[in-house]
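Please read all numbers here as calculations on a predicted model, not as lab measurements.
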Amino acid sequence: KGVMSAMTGAAALVIANAVAFAHDDSKYPDWSGQWQRPQGLGIQWDPSKKLGRDEQAPLTPEYQKVFEAGLADQAAGGQGNDPTYTCIPPGLPRAMTVVFPMEIVIMPQVTYILQEYVPMIRRVYNDGRDFSPDEEPSFLGYSVGKWLDTDGDGTFDTLEIETRNFKGPRTFDASGIPLHEDNQTVVKERMYLDKTDTAMLRNEVTTTDNALTRPWTVMKTYRRDLSGKKPIWFEYVCAEGNHHVVVGKDNYFISGDGFLMPTRKGQRGPDLKFFDQPRN
């Protein structure tokens with residue numbers, strides 16, 4: 001009797017969950033497919049401006065100096081403040097530039113934002129949880145989301161996300177606009193389909209960070225592939241074929257024939273004290 005009761009209870013739970021999931025699915029928008037940056041749009045954090053100084057990031061004087069030093073290093077052949085040449089993930093907020101295609105998978109308890117680059121997997125928890133001090137910091141941080149029905153039609157249309165608990169180094173984009181080294185960044189996003197074009201997904205991103213004098217808000221846009229072709233996804237492994245080498249605080253490059261090269265004019269070679277030195 002006890003076994004039968006347990007089996008009956010388990011079956012009822014499965015049926016209840018199935019019904020709940022089916023019911024929940026009907027409430028959510030269709031954000032399926034492959035999302036990309038609109039054609040012609042670059043990789044700058046603020047899409048309305050040119051990459052670099054023209055973005056006019058509201059940096060504190062201290063971090064404006066960090067930014068300028070990074071730009072000078074890039075002009076001399078270095079990588080500046082951009083850490084991703086070592087193949088670490090760009091993290092947030094930079095990941096939401098969507099340099100490579102993105103997929104969004106909506107589930108009742110969690111929304112997955114999957115990016116082809118690296119690859120990166122974001123989990124946006126929609127189950128009512130709060131931020132936990134026990135979570136391990138990460139480049140993408142810890143995201144908590146909330147679905148909204150802004151027009152009252154009974155279907156969710158907007159996803160609000162707050163992300164905290166980061167580690168670094170991270171920058172806003174390849175120009176090296178810096179985020180504070182304390183990693184106390186807070187990223188708030190508001191994602192929704194364009195009212196007149198459902199092939200366009202809007203993402204209003206506001207970053208609060210101690211490297212900034214005020215919260216910085218930009219509007220990111222992604223276009224859904226409506227070609228009718230089945231999406232093709234690639235395995236993008238940054239570390240494969242990466243010829244950048246970091247020794248200490250210096251960046252070098254491996255040439256096509258396998259030799260260590262400088263990346264800047266006048267750059268000295270690394271210290272070889274742990275290697276046998278040639279005798280004269």
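- For the pair H180/T185, no side-chain contact is recorded, criterion being any heavy-atom separation below 4.5 Å from C-beta on.
- Using a 4.5 Å cut-off on side-chain heavy atoms (C-beta onward), L140 and P89 make no contact.
- Listed by first then second residue, pairs satisfying disulfide bond (SG atoms under 2.5 Å apart) with a partner in residues 185-243 read C87-C238, not counting sequence neighbours.
- In this structure, a donor-acceptor pair under 3.5 Å is present between the side chains of N203 and E189.
- For F67, there are no ring-ring contact (aromatic ring centres under 6.0 Å, His included) partners two or more places apart in sequence or in a different chain.
- A donor-acceptor pair under 3.5 Å links the side-chain atoms of R224 to the main chain of T198, judged by distance alone.
- By the side chain to side chain contact (heavy atoms under 4.5 Å, CB included) test, Q74 is found to be paired with L71, D82, residues two or more places apart in sequence or in another chain being considered.
- Using a distance-only test at 3.5 Å, with no hydrogens or angles considered, a donor-acceptor pair links the side chain of S132 to the main chain of D134.
- Using modelled atom types and a 3.5 Å distance limit, the side chains of R94 and T171 yield a donor-acceptor pair.
- Side-chain atoms of E240 and E235, non-hydrogen and from C-beta on, never get closer than 4.5 Å to each other.
- L92 approaches L179 most closely through the heavy-atom pair O-CD1, 4.4 Å.
- Side-chain contact check for Y63 versus E181: some heavy-atom pair is nearer than 4.5 Å.
- What you find for P38 and M200 is that their closest heavy atoms are CG-CE, 4.3 Å.
- Test E204, E162, E160 against R190 for salt bridge (charged side-chain N to carboxylate O under 4.0 Å, His left out) and you get one pass: E160.
- At a threshold of 4.5 Å between side-chain heavy atoms, the hydrophobic network of Ile, Leu, Val, Met, Phe, Trp and Tyr places I43 and V187 in one connected group.
- For Q115 (side chain) and F100 (main-chain N/O), no donor-acceptor pair under 3.5 Å exists by modelled atom type.
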Test side chain to side chain contact (heavy atoms under 4.5 Å, CB included) on L59 and L212; report intermediate values, then the result.
CA-CA 4 Å; L59 293 166; L212 305 175; 3.9 Å; yes

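- Under the 4.5 Å side-chain criterion, counting only non-hydrogen atoms from C-beta, F172 is in contact with T207.
- Across every non-hydrogen atom of L226 and A199, the tightest pair is CD1-CB, 3.4 Å.
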Given the rule in the salt bridge (charged side-chain N to carboxylate O under 4.0 Å, His left out) test, do K49 and D54 qualify, once you have shown the distances and angles that lead to the verdict?
CA-CA 6 Å; K49 299 175 182 176; D54 286 352; over 6 Å; no

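- Taking Ile, Leu, Val, Met, Phe, Trp and Tyr as hydrophobic and joining them when side-chain heavy atoms fall under 4.5 Å apart, one finds V247 in a cluster with V245, Y252, I254, L260.
- Ring orientation note: the planes of Y236 and Y117 are tilted relative to one another, at an angle of 30° to 60°.
- The shortest distance between side-chain heavy atoms of E103 and E116 does not fall below 4.5 Å.
- Ring orientation note: the planes of W216 and W45 are nearly perpendicular, at an angle over 60° on the 30°/60° scale.
- Nearest heavy-atom pair across P83 and T86 is O-OG1, 2.9 Å.
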Apply side chain to side chain contact (heavy atoms under 4.5 Å, CB included) to residues F253 and H244 and explain how you reach the verdict.
CA-CA 5 Å; F253 195 80; H244 288 282; 3.9 Å; yes

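- Side chains of R264 and N251: no donor on one and acceptor on the other come within 3.5 Å.
- Hydrophobic cluster membership for Y85: V246 (Ile, Leu, Val, Met, Phe, Trp, Tyr linked by side-chain heavy atoms under 4.5 Å, directly or transitively).
- Y192 and I106 are members of different hydrophobic clusters when ILVMFWY side chains are connected at heavy-atom separations under 4.5 Å.
- The closest side-chain heavy-atom distance from L159 to I104 is not below 4.5 Å.
- Clustering ILVMFWY residues whenever any of their side-chain heavy atoms sit less than 4.5 angstrom apart, transitively, puts L114 in the very cluster that holds M107.
- Considering only heavy atoms from C-beta on, Q36 stays 4.5 Å or farther from V98 through its side chain.
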Given salt bridge (charged side-chain N to carboxylate O under 4.0 Å, His left out), test K27 with D149 step by step and report yes or no.
CA-CA 9 Å; K27 292 183 177 181; D149 175 10; over 6 Å; no

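- A donor-acceptor pair is defined here as one N or O able to donate and one able to accept, closer than 3.5 Å; no such pair exists between the side chain of R170 and the backbone of P93.
- Put simply, the side chain of D157 gets close to the backbone of T150: a donor and an acceptor are under 3.5 Å apart.
- When all heavy atoms of L41 and R37 are compared, the closest pair comes out as O-NH1, 2.6 Å.
- I161 and F139 are members of different hydrophobic clusters when ILVMFWY side chains are connected at heavy-atom separations under 4.5 Å.
- Side-chain N or O atoms of E135 include none that pairs as donor or acceptor with a backbone N or O of Y142 at under 3.5 Å.
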Please walk me through it: do E136 and K167 pass side chain to side chain contact (heavy atoms under 4.5 Å, CB included)?
CA-CA 9 Å; E136 185 75 17; K167 71 177 181 181; over 6 Å; no

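- Partners of F131 according to the ring-ring contact (aromatic ring centres under 6.0 Å, His included) rule, which considers only residues two or more places apart in sequence or in another chain, do not exist here.
- Smallest separation of non-hydrogen atoms from T163 and S143: OG1-OG, 2.7 Å.
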Take T263 and Q79 through the side chain to side chain contact (heavy atoms under 4.5 Å, CB included) test and state the conclusion after the steps.
CA-CA 9 Å; T263 58; Q79 297 296 316; 5.9 Å; no

